[in-house]
Trainee: 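The structure follows.
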Amino acid sequence: MGGEHIRTIGPDGLIESDPTPGILREVAFSTDRVLLVRARVEGGVASGWHHHGDREVLGYLVKGRARFEFGPGGSQYSEVEEGGFFHVPLGLVHRDVNPTDEPQEFVLAFVGQGPLVVNVETP
């Protein structure tokens, strides 16, 4: 067991990662299969359309309220409240919407391999 230990990172020790317009993503930990990320979105912001390629997203909304738009022309949506959890399937084109004037904060696990984000023009 020798050199194994538990790593920790403070809130200011994260590394900025691949952006989507409207979303600040910062990586806490990265392995060959999972990225653990904090994401922050200002109030009233709708991100650009994007998907996560061959990664699924498991998330927890630490602060705020969120809506995720998806489907043909963005016609479908799911909402999550503060303290809630969510799952974004592989390859689903979507955008994140902050429907309030208050900032949002998420903890996200991107599970799989490949790019963290693929930004696209439309759903």
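Keep in mind the model is a prediction, meaning the values are calculated, not measured. For this chain, numbers begin at 1 and follow the sequence in order.
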Trainee: Determine whether E79 and R65 make a side-chain contact, defined as any pair of heavy atoms from C-beta on separated by less than 4.5 Å.
Mentor: yes

Trainee: Linking Ile, Leu, Val, Met, Phe, Trp and Tyr by side-chain heavy atoms under 4.5 Å, what else ends up with L92?
Mentor: I23, V27, L35, V37, V41, V45, V57, L61, F68, F70, V80, F86, V88, F106, L108, F110, L116

Trainee: Examine distances only and state if a side-chain atom of D54 and a backbone atom of G112 form a donor-acceptor pair shorter than 3.5 Å.
Mentor: no

Trainee: Please name the pair of heavy atoms, one in A109 and one in V34, separated by the smallest distance, quoted to 0.1 Å.
Mentor: CB-CG1, 4.3 Å

Trainee: Assess the residue pair E69 and H94 against the criterion (side-chain hydrogen bond (donor to acceptor under 3.5 Å, both in side chains)); give the C-alpha distance rounded to whole Å, side-chain angles, the decisive distance to 0.1 Å, and a yes or no.
Mentor: CA-CA 5 Å; E69 297 177 348; H94 63 284; over 6 Å; no

Trainee: Just verifying a value: how many Å separate L90 CG and H52 NE2, rounded to the nearest 0.5 Å?
Mentor: 11.0 Å

Trainee: Using every non-hydrogen atom in the two residues, find where P123 and G74 come nearest and quote the distance to one decimal.
Mentor: CG-N, 3.4 Å

Trainee: Answer whether the closest heavy-atom distance between the side chains of R67 and P99 falls below 4.5 Å.
Mentor: yes

Trainee: What closest approach, in Å, do N98 and G43 show between heavy atoms, and which atom pair accounts for it?
Mentor: ND2-CA, 3.5 Å

Trainee: Does atom CD (E42) have a neighbourhood of more than 12 heavy atoms from anything else shown, all under 6.0 Å?
Mentor: no

Trainee: Would you say that V117 contacts R25 through its side chain, given a criterion of any heavy-atom pair below 4.5 Å between the two side chains?
Mentor: yes

Trainee: With a cut-off of 6.0 Å (strictly less than), are more than 12 heavy atoms of other residues, nucleotides or ligands near OH of Y77?
Mentor: no

Trainee: Hey, what do you get for CD1 (I15) to CZ (R38), rounding to the nearest 0.5 Å?
Mentor: 12.0 Å

Trainee: Do K63 and Q104 come close enough that some side-chain heavy atom pair is under 4.5 Å?
Mentor: no

Trainee: Linking I/L/V/M/F/W/Y whenever any side-chain heavy atoms sit under 4.5 Å apart, do V107 and F29 land together?
Mentor: yes

Trainee: With side chains defined as the heavy atoms from C-beta onward, is the minimum distance between V120 and H51 less than 4.5 Å?
Mentor: yes

Trainee: On a heavy-atom basis, which atom in P115 and which in V118 lie closest, and how many Å separate them?
Mentor: CG-CG2, 3.9 Å

Trainee: Is there a path of hydrophobic side-chain contacts, each under 4.5 Å between heavy atoms, that joins L14 and Y60?
Mentor: yes

Trainee: Between E26 (side chain) and A39 (backbone), is there a donor-acceptor pair under 3.5 Å?
Mentor: no

Trainee: Does some side-chain heavy atom of P103 sit less than 4.5 Å from a side-chain heavy atom of R40?
Mentor: no

